[in-house]
Amino acid sequence: MSVEIGLTFANAGESSQREFWSALEDGGELLAFATSFTGQTISDPRLLHEAVTHPSCVSKPCRSYQTLEWAGDAAVCLAARNWLFHRKEKLSVPTLVVLESTLTSNQSLAYIGHLNGVHRVIDHRMSELPSRFESYKFQLKRGLWATDPPKVVPDVVESLIGAVHVDQGVE
């Protein structure tokens with residue numbers, strides 16, 4: 001496809017090894033958390049550190065979660081569409097769109113992340129994030145759709161799913 005539209009990348013013919021932070025000493029807690037959260041074991045722990053690293057960690061020698069979030073966003077959308085498509089009741093396309101949007105929304109993903117403690121494993125250097133996590137917890141008392149979740153939580157949920165996708169492939 002990239003050849004057809006005239007898009008090329010430098011070193012496209014070479015296989016590239018992603019560079020990661022090499023100091024991975026967390027005692028296995030992150031791997032245990034990610035395995036519990038995703039239901040999958042990720043064989044490359046370097047992906048996990050990337051998946052939970054916020055862009056504010058400018059001095060940390062690993063990438064932030066943004067690339068894995070991009071991959072995870074696609075995987076979440078595909079999983080939601082696949083699940084909705086294979087339901088017993090046949091739904092109209094407008095209904096499918098609304099349901100997919102609801103399942104993949106920041107509010108839904110933040111809620112899932114919050115319930116599972118994703119906010120506790122995010123590596124960041126932002127002094128205001130802990131108070132935003134607490135504020136979100138209190139906002140939930142008004143209902144899921146009345147919240148303004150910190151975007152970092154659904155982003156890291158998607159990046160953890162993206163790490164599974166990158167580590168294990170589509171299956």
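- Residue pairs that meet the side chain to side chain donor-acceptor pair (under 3.5 Å) test with at least one member in residues 108-117, sequence neighbours left out, are S105-S108.
- Annotation: side chain of L48 is not in contact with side chain of F33 (no heavy-atom distance under 4.5 Å).
- Hydrophobic clustering, with ILVMFWY side chains joined whenever heavy atoms are under 4.5 angstrom apart, keeps L84 apart from I161.
- By the criterion of side-chain heavy atoms lying less than 4.5 angstrom apart, applied directly or through intervening Ile, Leu, Val, Met, Phe, Trp or Tyr residues, V118 is grouped together with I112 in one hydrophobic cluster.
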Verify side chain to side chain contact (heavy atoms under 4.5 Å, CB included) between T95 and S92, making sure each step is shown before the conclusion. CA-CA 5 Å; T95 301; S92 67; 2.9 Å; yes
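- Counting only distance, with no hydrogens or angles, the side chain of S135 and the backbone of R132 share no donor-acceptor pair below 3.5 Å.
- From C77, atom SG reaches atom CG of L103 across 10.0 Å, with rounding to the nearest 0.5 Å.
- Residues Q107 and W145 meet the side-chain proximity criterion, which asks for heavy atoms closer than 4.5 Å.
- Partner T41 forms a side-chain contact (heavy atoms from CB on, under 4.5 Å) with one of D167, T35, V164 and no other, that one being T35.
- With rounding to the nearest 0.5 Å, the separation of CG in D155 from CG in D73 is 9.0 Å.
- Under the 4.5 Å side-chain criterion, counting only non-hydrogen atoms from C-beta, R142 is not in contact with T147.
- Under a hydrophobic clustering in which Ile, Leu, Val, Met, Phe, Trp and Tyr are joined whenever their side-chain heavy atoms come within less than 4.5 Å, directly or via other members, L144 and L115 fall into the same cluster.
- At a threshold of 4.5 Å between non-hydrogen side-chain atoms, the residues Y136 and D148 do not count as touching.
- Rounding to the nearest 0.5 Å places NE2 of H165 at 14.0 Å from OG1 of T38.
- At a cut-off of 3.5 Å, with distance as the only test, a side-chain donor of S64 or Q66 sits close to an acceptor on the other residue.
- The number of heavy-atom neighbours closer than 6.0 Å to NZ of K137, taken from other residues, nucleotides and ligands shown, is 12 or below.
- Geometrically, R87 engages W83 in a cation-pi contact defined by less than 6.0 Å to the ring centre and at most 45° from the axis.
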Going through the checks in order, is the side chain to side chain contact (heavy atoms under 4.5 Å, CB included) test met by T67 and R63? CA-CA 8 Å; T67 304; R63 297 164 61 146; 2.8 Å; yes
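- You'll find the side chain of I122 reaches within 4.5 Å of the side chain of F133, heavy atoms only.
- Within the 4.5 Å cutoff, no side-chain heavy atoms of L109 are placed close to those of V153.
- Hydrophobic clustering (side-chain heavy atoms under 4.5 Å, transitive across Ile, Leu, Val, Met, Phe, Trp, Tyr) keeps W70 apart from V166.
- Annotation: the span from R125 atom CZ to C57 atom SG amounts to 3.5 Å, rounded to 0.5 Å.
- The closest donor-acceptor contact from the side chain of S159 to the backbone of E69 lies at 3.5 Å or more, if one exists at all.
- A distance of 9.5 Å separates CG of L96 from NZ of K90, quoted to the nearest 0.5 Å.
- Side-chain contact between H49 and L30 is present, with at least one heavy-atom pair separated by less than 4.5 Å.
- Contact check for Y65 versus V52: no side-chain heavy atoms found under the 4.5 Å cut-off.
- Side-chain N or O atoms of H86 include one that pairs as donor or acceptor with a backbone N or O of N82 at under 3.5 Å.
- Between atom CE of residue M126 and atom NE2 of residue H124 there is a gap of 8.5 Å, rounded to the nearest 0.5 Å.
- Hydrophobic clustering of Ile, Leu, Val, Met, Phe, Trp and Tyr side chains at less than 4.5 Å, counting indirect connections, keeps V157 apart from L140.
- For T104 and E100, the side-chain atoms include no donor-acceptor pair closer than 3.5 Å.
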